[in-house]
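Presented below is the structure to which this report refers.
Order of the sequence lines fixes the chain letters, A, B, ..., with proteins taken first and strands second; residue numbering starts at 1 for each chain.
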Number of protein chains: 2
Amino acid sequence: MSEQLLELLNGAGVRLTGPRRELAALISKRGGHFTAADLVADAAKRRLGIGRATVFRFLDLLTEQGVMEHVDLPDGRHAYVPCEPTHHHHLVCTRCGSVSEVEDCGIDSVTAEAARRSGFEIQSHRLELFGRCPKCQKVKR
Amino acid sequence: MSEQLLELLNGAGVRLTGPRRELAALISKRGGHFTAADLVADAAKRRLGIGRATVFRFLDLLTEQGVMEHVDLPDGRHAYVPCEPTHHHHLVCTRCGSVSEVEDCGIDSVTAEAARRSGFEIQSHRLELFGRCPKCQKVKR
DNA sequence: ACCACATATGAGACCCAGTCTCATATAGCA
DNA sequence: TGCTATATGAGACTGGGTCTCATATGTGGT
């Protein structure tokens with residue numbers, strides 16, 4: 001799983017450094033979303049000596065490569081989520097934090113309709129869905 | 001326009017204080033979105049002696065009342081936008097910053113489809129559309 | 001019109017996420 | 001193996017937002 005990340009970076013003209021390997025492993029060990037602070041804490045816990053700046057730089061790098069994205073949780077916190085480098089939307093479980101991806105599910109007709117009504121020329125959009133994943137639906141509320 | 005805000009607050013068991021009246025006026029004077037820093041600067045420019053904390057508290061208050069919302073601009077900046085207290089989505093002009101609202105444009109079928117495919121039970125969603133408003137489309141790029 | 005008191009305020013310290021700088025280290029090619 | 005562009009860590013810095021606490025003020029009851 002973290003090999004995928006490294007492989008991708010390899011093909012993108014970036015160096016495969018020690019810190020990057022370690023961070024890739026930490027990220028893949030966390031399923032779902034996490035905050036930058038989580039990752040910094042993970043690294044600190046293992047005494048890897050990785051600086052905050054390096055963590056943020058790595059997250060930026062992954063984001064540029066399209067395998068990481070920002071999500072704003074319903075409570076306003078910022079999270080990062082690993083994902084496929086194609087256009088898609090996120091389904092975030094508000095209980096366990098896991099994230100699924102859905103491809104376009106007919107959103108184009110929605111944006112077209114919004115454009116028609118408003119006169120806007122729509123360039124991009126952001127859709128985030130929050131709810132309970134199948135596993136968490138089974139847990140009593 | 002700012003009367004609407006004040007009227008609403010009046011009915012919500014909050015006090016109509018001087019600073020709140022002034023902030024309501026400043027907000028209604030700005031169409032579209034603005035950042036908290038903008039509002040702080042507006043107040044400072046008029047030497048109203050309003051503290052930062054008061055500005056943020058007022059924005060929170062309006063958000064609780066549903067007449068103000070957070071929007072994350074495509075460039076990552078945080079903005080506040082005044083809006084109707086019903087469920088809707090925002091169309092943000094990336095050139096002039098104006099904001100329009102659109103009501104549900106068939107998004108329910110999209111969320112239903114996403115739920116079907118993923119097994120998630122969807123509780124809420126957030127959709128933001130970015131583009132050019134009718135006025136800005138006429139300006140040469 | 002006044003009072004009492006809950007609620008709101010301003011000032012500034014504080015916190016957290018993220019960025020920048022710069023001297024040092026290192027991946028990866030020749 | 002050695003060279004050099006690229007990446008790193010430390011820590012200062014920024015910007016958005018929160019907290020505290022002593023003071024001020026709106027408002028309901030008289």
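Between the side chain of A:R57 and the base of D:dG9, at least one donor-acceptor pair of N or O atoms lies under 3.5 Å. Judged by distance alone, with hydrogens and angles left aside, B:R20 brings no side-chain donor or acceptor close enough to the base of D:dG26 to form a pair under 3.5 Å.
Distance alone, capped at 3.5 Å, places no donor-acceptor pair between the A:T54 side chain and the A:I50 backbone. Checked by atom type and distance alone, the side chain of A:R126 pairs as donor or acceptor with a backbone atom of B:D72 at under 3.5 Å.
The side chain of A:Y80 contributes an N or O atom lying less than 4.0 Å from OP1 or OP2 of C:dG18.
The separation between A:R52 atom CZ and D:dA12 atom P is 13 Å, rounded to whole Å. Atom CD1 of B:I50 is separated from atom C1' of C:dG10 by 10 Å (rounded to the nearest Å). Rounded to whole Å, atom P of D:dG11 lies 17 Å from atom CZ of A:F56. Across the protein-nucleic acid pair, A:L61 atom CG and D:dA7 atom P stand 8 Å apart, rounded to whole Å. Taking atom CZ of B:F58 as the reference point, atom P of D:dG16 lies 20 Å away to the nearest angstrom. Taking atom NE2 of residue B:H78 and atom P of nucleotide C:dG18, one finds them 9 Å apart after rounding to whole Å. Note: CG (B:D60) to P (D:dC19) measures 10 Å, nearest angstrom. A straight line from CG of B:L59 to P of D:dG17 spans 8 Å, rounded to a whole angstrom.
Judged by distance alone, the side chains of A:Q123 and B:T94 do bring a donor and an acceptor atom under 3.5 Å apart. A side-chain N or O of A:D38 and one of A:T35 form a donor-acceptor pair less than 3.5 Å apart.
A:Y80 and A:H33 have their aromatic ring centers separated by at least 6.0 angstrom. The aromatic ring centroids of B:H90 and A:H125 lie 6.0 Å or more from each other.
Two residues are said to be in side-chain contact when any heavy atoms from C-beta on lie closer than 4.5 Å; B:E84 and B:E101 meet this criterion. At least one side-chain heavy atom of A:L127 sits under 4.5 Å from a side-chain heavy atom of B:I107.
Taken to the nearest 0.5 Å, the CG atom of B:L16 stands 5.0 Å off from the CG atom of B:N10.
B:A36 comes within contact range of the sugar-phosphate backbone alone, with a heavy-atom separation under 4.0 Å but no base atom that close.
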I'd like a list of close polar pairs between nucleotides 25-29 of chain C and the protein, N/O only, cut-off under 3.5 Å.
from   : atom 1 : to    : atom 2 : distance (Å)
C:dT26 : O2     : A:R15 : NH1    : 3.2
C:dA27 : N3     : A:R15 : NH1    : 3.4
C:dA27 : N3     : A:R15 : NH2    : 3.3
C:dG28 : OP1    : A:L16 : N      : 3.0

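Side-chain proximity of B:P19 to the nucleotides C:dG18, C:dT9, C:dA17 is greatest for C:dT9.
Proximity of residues 39-49 of chain B to DNA chain C (heavy atom under 4.0 angstrom from any strand atom) is restricted to B:G49.
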